[in-house]
Amino acid sequence: MFTYLIFEMLSAIVGIIAIGIIIVHIIKNPTVHAVIGKKSTFIPIILFVIAFFAGLIANRTYAPDFAMPVFMHSHAPGGLPPSIPFSKILDFFIHEKNFE
């Protein structure tokens, strides 16, 4: 059920390690041109970008229809899900002065 958390944590760990390596390269050589010019910084930068986008993708979970067991699905007429009717609540407060 929480397999997406493993992917998210793994991408966070890889991203943190990549940022750490980049920071170490910057501390050793403070000029940006010298740091970016090295081949040893391309791999951490690419890993950070991949980990960043993988973390964004890993955060997306399944829809509740897939996450809930079958017995928890709604059996209402028309297959309507059990949800709060926010539009009706808003209409109630808009027309509140029309009630007694």
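Atoms considered below: every heavy atom in the structure, side chains included; atoms not considered: hydrogens, waters and symmetry mates.
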Members besides Leu10 in its Ile/Leu/Val/Met/Phe/Trp/Tyr cluster (side-chain heavy atoms under 4.5 Å): none

Residue list, ring pair (Phe, Tyr, Trp, His ring centres under 6.0 Å) with Phe53, at least two apart or on another chain: none

Name each donor-acceptor pair under 3.5 Å that joins a side chain in residues 11-24 to protein atoms two or more places apart or in another chain, with its distance.
from, atom 1, to, atom 2, distance (Å)
Ser11, OG, Phe7, O, 3.3
Ser11, OG, Glu8, O, 2.8

From CZ (Phe42) to CG (Leu47), nearest 0.5 Å: 13.5 Å

